[in-house]
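Just below is one structure, and these are the notes that go with it.
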Amino acid sequence: MAKSKKKAKSTENWVSKMAKGLWVLFGISTIFVFLYVFAVQGDWFGAFGGMPSVKALENPENELASELYSADNQLLGKYFRPNSNRTPARFHELSPNLVQALKATEDVRFEEHSGIDPKSILRAVAGVITFNRKGGGSTLSQQLAKNLFQTRGENFDGWLLKKLPEDLKTVIQKSKEWIIAVELEKNFTKEEILAMYLNTVDFGGNTFGINVAARTFFNTTPDSLNVQEAAVLVGLVQAPSFFNPVRNPENSTTRRNIVLGQMAKYEYLTTEAKDSIVKIPIEIDYEVQNQNVGLATYFRTVTGNFLRDWAEENGHDLYGDGLKIFTTLDSKLQQYAEEAVDENMKPLQERFAKHLAGREPWVDENNYVIRDFLKTSIRRTELFRNLSSKYGDNSDSIEIVLNTPK
């Protein structure tokens, strides 16, 4: 009996010590986590690299293309730098199909968390441990933090990050994204975060943001995207080149069907509707937005030259401030004019060729041929002077540029 009591007391003491040890371990871990977060956020000793300022977090900015409109409110073209062809869309301008497809695929608990989703993190950690990665742990807020502030760039690398192995470096970079995501959740509503995310996403092919993507791939607006179009664009987010519906239609179809499956899984879509849509081939209306094609290209170029000077004089950036410029040009009359030119230029060219009858067109008042007239005239132009300063006076590159059809 005495031995039994002694054994029970020994077990009780062991459990008590174990419990105390666990509490001590929990306390130390908690203190370490807090110190780690403060160290990363404050960039102690310059080890972790900088963080966005409070002002930047409250007012995140991206370069936006400036848009040129006709008098009848038709978009004629845009002015933008490479990698900045984006036009923002607000939440109410987004199709419900698009919002549902994005949540179902990228962050199904988006409405429940405050920037960090513990379940997703645990799943990601378990995937690393078991070598069975079935999804990342990043919320939409964390992905937005990465898109907005380029947290994986050299500007955010401290001396410690530059010395660490890639896996540990990624952990610290992820930590920064968690911190920024929480701050974004404090400053913006869920609807604003979702819209900001879709406005910063790279859809490939110099197509940035949902507004440009909807127009480029389907010649429509974000509020008009149907279920299958929304699924294609959300599918592009993971790997814009690999899932591009133009270059890799089979990959795009497979990815679209996965997105549709996620929508059905989380009851944004009925199983019957999903089964019906996956049988439909992807139909796109693809047109890359290019500043040198479309309506009134010459008008846009001349207007652009004027606007660039005006913007510089008035403290604006034509290629990054997202200006909206309205002109006096009537798009319908311009369309009729360009169609008339296309229709009549061919017979006029034939008449001109017959009129010349093999003679040189460049002659003086005495009908003598002016030798090298075009070559001499071209060398007097501003374009030639610019190309000459760039490539050298006798470079073949000048000929290539000058002979490129416009």
Does [X] come within less than 4.0 Å of [Y], counting only side-chain N to carboxylate O?
X    : Y    : value
R90  : E191 : no
E111 : K103 : yes
E382 : R385 : no
E67  : K324 : yes

Please report the shortest heavy-atom distance between [X] and [Y], naming the atom on each side.
X    : Y    : result
I398 : S388 : CD1-CA, 3.8 Å
H113 : S141 : CE1-OG, 4.2 Å
F217 : I284 : O-CB, 3.3 Å
V212 : T87  : CG2-N, 3.9 Å
A89  : A195 : O-CB, 3.8 Å

Report yes if some heavy atom in the side chain of [X] is under 4.5 Å from a heavy atom in the side chain of [Y]; otherwise report no.
X    : Y    : value
L194 : L102 : yes
Y79  : L323 : no
N211 : P88  : no
L94  : D223 : no
L68  : T327 : yes
N147 : Y197 : yes

Next item on the list: Using side chain to side chain contact (heavy atoms under 4.5 Å, CB included) as the criterion, list what pairs up with N305, not counting sequence neighbours.
Entry: T301, R308
Checklist line | Qualifying residue, where the test is side-chain contact (heavy atoms from CB on, under 4.5 Å) with T105 and the options are Q238, R255, Q100 | finding: R255
Next item on the list: Could you tell me the separation between the CG atom of L236 and the OG atom of S252, rounded to the nearest 0.5 Å?
Entry: 6.0 Å
